[in-house]
Enquirer: 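This is the structure, below, for whatever I ask next.
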Amino acid sequence: MTSVALVTGAAGGIGRAIAQRLADAGHVVVGGDLAPPASETDGPHEGIVDVHLDVTDDDSIAAALTTATELGELRTVVNCAAVLSAARTPNLTDSQLDHQIDVNLAGTIRVCRAVTDRLGSGGSIVNIGSISATLGGAPGVGVYAATKAGIEGFTRALACELGPRGARANVVSPGFVDAPMAGLLRSDPDTEARIVASVPLRRLGRPDEIAEVVEFLASERASYVSGATVRVDGGRVAS
Ligand SMILES: NC(=O)c1ccc[n+]([C@@H]2O[C@H](COP(=O)([O-])OP(=O)(O)OC[C@H]3O[C@@H](n4cnc5c(N)ncnc54)[C@H](O)[C@@H]3O)[C@@H](O)[C@H]2O)c1
């Protein structure tokens, strides 16, 4: 039976690379996002079915799952949708607080809630975290960091629920990646140079380097990996 993967945030920089990598590995990918793919190069790709998806809306999640199950057997789910709204804590508005929690953490949990009972043996969930869950250094990203730390805790608990039926859940935690969400931290050349200098590999990551690890964790090559957070950060957290 056709193996189907659902990827949220699939029009974004890293999400698109993940969708393309999973499609290249033979999955039919349902790529869900609020927005359509950004550019011609990120546009229609063989093996990817783009759908409108809002991870804050259960009906929208259910519609994406209907598409997925019509295409084959749902075996892989990647939660990559997220927003980042930087504000120092005293300046944080209610809307910045609520929206980041609603999309990043609650959105990931909503999608997992909807798919968990559909994943059988060999099923795999990969939630996208961030090294901000571990590092506190970037100004104004407290809520975003909290949502990513929450994803790690949730995913460990989910791995315990899924394990007895042979399904797995893991987190991939990117460092600084040449993709839109790093934009806020790259506001000027000095900041970018400082960020690059802080990374042992002395460069930003590429979206395809994140996608490669996601595809590995989704595959049977990672059949005994569950409840893990795998950092793909050029050594940043180690430094
Ligand atoms: N770029 C980085 O340096 C970096 C570092 C660590 C973690 N990450 C994580 O990687 C992921 C992708 O980041 P990116 O840099 O590609 O950013 P991006 O903004 O290109 O991707 C995020 C995508 O999520 C979508 N989205 C937002 N709200 C949504 C909603 N309610 N429903 C469905 N989709 C929604 C956006 O439309 C966008 O396409 C995110 O989870 C981010 O937290 C990125």
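Worth saying up front: this structure is predicted, and the values here are computed from it rather than measured. Just follow the structure's listing: the first ligand is 1, and inside any ligand the first atom is 1.
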Enquirer: Nearest heavy-atom pair of Ala211 and Ala17: which atoms, and what distance?
Expert: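 The answer is CB-O, 3.4 Å.
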Enquirer: So, for Cys80 and Ile14, which heavy atoms are closest and what is the spacing to 0.1 Å?
Expert: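 Taking Cys80 first and Ile14 second, the nearest heavy atoms are SG-CG2, 4.2 Å.
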Enquirer: Looking only at non-hydrogen atoms, find the nearest pair between Arg156 and Gly227 and report the distance.
Expert: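 Smallest heavy-atom distance, with atoms named: CG-O, 3.5 Å.
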Enquirer: Might you point out which heavy atoms bring Gln100 and Leu84 nearest each other, and give the distance in Å?
Expert: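 Heavy atoms only, the tightest pair is OE1-CA, 3.7 Å.
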Enquirer: Checking Asp178 side chain against Gly205 main chain: does a donor-acceptor pair fall under 3.5 Å?
Expert: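 No, because the side chain of Asp178 does not come within donor-acceptor range (under 3.5 Å) of the backbone of Gly205.
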Enquirer: Specify the protein heavy atom at minimum distance from atom 31 (N) of ligand 1: its residue, its atom name, and the distance to 0.1 Å.
Expert: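 The closest heavy atom on the protein side is Asp54 OD1, 2.9 Å.
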Enquirer: Is the shortest N/O to N/O distance between Ile14 and ligand 1 below 3.5 Å?
Expert: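 Among all N and O atoms of Ile14, at least one is under 3.5 Å from an N or O of ligand 1.
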Enquirer: What are the two closest heavy atoms between Ala179 and Gly13, and how far apart are they?
Expert: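 Closest approach of Ala179 to Gly13, heavy atoms only: CB-CA, 4.4 Å.
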Enquirer: Nearest to atom 35 (C) of ligand 1, what protein heavy atom do you find, and at what distance?
Expert: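 Answer, as residue, atom name and distance: Ala81 CB, 3.7 Å.
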Enquirer: Is there any N or O on Val177 that sits under 3.5 Å from an N or O of ligand 1?
Expert: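 Such a contact does occur with ligand 1.
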Enquirer: For ligand 1, is Thr8 a contact, meaning one of its heavy atoms is under 4.0 Å away?
Expert: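 Flag not set, Thr8 not near ligand 1.
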Enquirer: Students should be able to answer this: which protein heavy-atom is nearest to atom 21 (O) of ligand 1, and at what distance?
Expert: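 Protein heavy atom at minimum distance: Gly12 CA, 3.6 Å.
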Enquirer: In terms of atom number and element, which parts of ligand 1 are under 4.0 angstrom from non-hydrogen atoms of Cys80?
Expert: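 Numbered from 1, ligand 1 contributes 11 (C), 12 (C), 40 (C), 41 (O).
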Enquirer: Give yes if a backbone or side-chain nitrogen or oxygen of Phe176 is under 3.5 Å from a nitrogen or oxygen of ligand 1, and no if not.
Expert: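 Looking only at distances, the answer is no, because the N/O contact criterion of under 3.5 Å is not met.
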Enquirer: Any atoms of ligand 1 less than 4.0 Å from a non-hydrogen atom of Ala11? List them with their elements.
Expert: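 Every atom of ligand 1 under 4.0 Å from some heavy atom of Ala11: 39 (O).
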Enquirer: Is there side-chain contact between Ile128 and Ile18, with at least one heavy-atom pair below 4.5 Å?
Expert: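 SC-SC contact between Ile128 and Ile18 confirmed.
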Enquirer: Which residue holds the protein heavy atom closest to atom 37 (O) of ligand 1, what is that atom called, and what is the gap in Å?
Expert: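 Its nearest protein heavy-atom neighbour is Asp33 OD1, 2.6 Å.
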Enquirer: Considering only protein heavy atoms, which is closest to atom 33 (C) of ligand 1, and at what distance to one decimal place?
Expert: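 Result: Leu53 O, 3.1 Å.
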Enquirer: Is the side chain of Arg168 donor-acceptor paired with the backbone N or O of Ala222 at a distance under 3.5 Å, no angle test?
Expert: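 Between the backbone of Ala222 and the side chain of Arg168 there is a qualifying donor-acceptor contact (under 3.5 Å).
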Enquirer: Restricting to non-hydrogen atoms, name the atom on Thr76 and the atom on Leu119 that form the minimum distance, rounded to 0.1 Å.
Expert: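 Minimum heavy-atom contact is N-CD2, 4.5 Å.
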Enquirer: Ala82 heavy atoms, cut-off 4.0 Å: which ligand 1 atoms fall inside?
Expert: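 Selected atoms, number and element: 22 (C), 24 (O), 27 (C), 40 (C), 41 (O), 43 (O).
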Enquirer: Any nitrogen or oxygen of Ala35, main chain or side chain, under 3.5 Å from a nitrogen or oxygen of ligand 1?
Expert: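 Between Ala35 and ligand 1 (N or O atoms, distance only) the closest approach is not under 3.5 Å.
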Enquirer: Given Val55, Ile195, Asp178, Ile128, identify the one with the heavy atom nearest to atom 9 (C) of ligand 1.
Expert: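 It is Ile128 whose heavy atom sits nearest to atom 9 (C) of ligand 1.
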Enquirer: Look at atom 8 (N) of ligand 1 and say which protein heavy atom is nearest, naming residue and atom and giving the distance to 0.1 Å.
Expert: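 Looking at atom 8 (N) of ligand 1, the protein heavy atom closest to it is Tyr144 OH, 3.7 Å.
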Enquirer: In ligand 1, which numbered atoms sit nearer than 4.0 Å to a non-hydrogen atom of Gly129?
Expert: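 In order of numbering, the contacting atoms are 7 (C), 9 (C).
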Enquirer: In ligand 1, which numbered atoms sit nearer than 4.0 Å to a non-hydrogen atom of Gly13?
Expert: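 So the atoms of ligand 1 that pass are 16 (O), 20 (O).
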Enquirer: May I ask you to say whether Arg165 pairs ionically with Asp117, meaning some side-chain N is under 4.0 Å from a carboxylate O?
Expert: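 Yes, Arg165 and Asp117 are salt-bridged.
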Enquirer: Decide if atom CZ of Arg88 counts as having more than 12 heavy atoms of other residues, nucleotides or ligands within a radius under 6.0 Å.
Expert: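 No.
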Enquirer: What residue and atom, counting heavy atoms only, is the protein's closest point to atom 6 (C) of ligand 1, and at what distance?
Expert: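 Of the protein heavy atoms, Pro174 O, 3.4 Å lies nearest.
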Enquirer: Report yes or no: do Thr108 and Asn127 form a side-chain donor-acceptor pair below 3.5 Å?
Expert: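 No, Asn127 and Thr108 have no side-chain donor paired with an acceptor closer than 3.5 Å.
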Enquirer: Using a strict 4.0 Å threshold on nitrogen-to-oxygen distance, state whether Asp33 and Arg16 make a salt bridge.
Expert: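 Answer for the salt bridge query: no.
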Enquirer: To check your reading of the model: name the closest protein heavy atom to atom 19 (O) of ligand 1, its residue, and the distance in Å.
Expert: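 So the nearest neighbour among protein heavy atoms is Met181 CE, 3.6 Å.
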Enquirer: So is Lys148 in contact with ligand 1, going by heavy-atom distances below 4.0 Å?
Expert: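 It does; at least one heavy atom falls under 4.0 Å.
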Enquirer: Nearest heavy atom to atom 4 (C) of ligand 1: which of Gly175, Ala179, Ser130 does it belong to?
Expert: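 Comparing heavy atoms across Gly175, Ala179, Ser130, the nearest one to atom 4 (C) of ligand 1 lies in Gly175.
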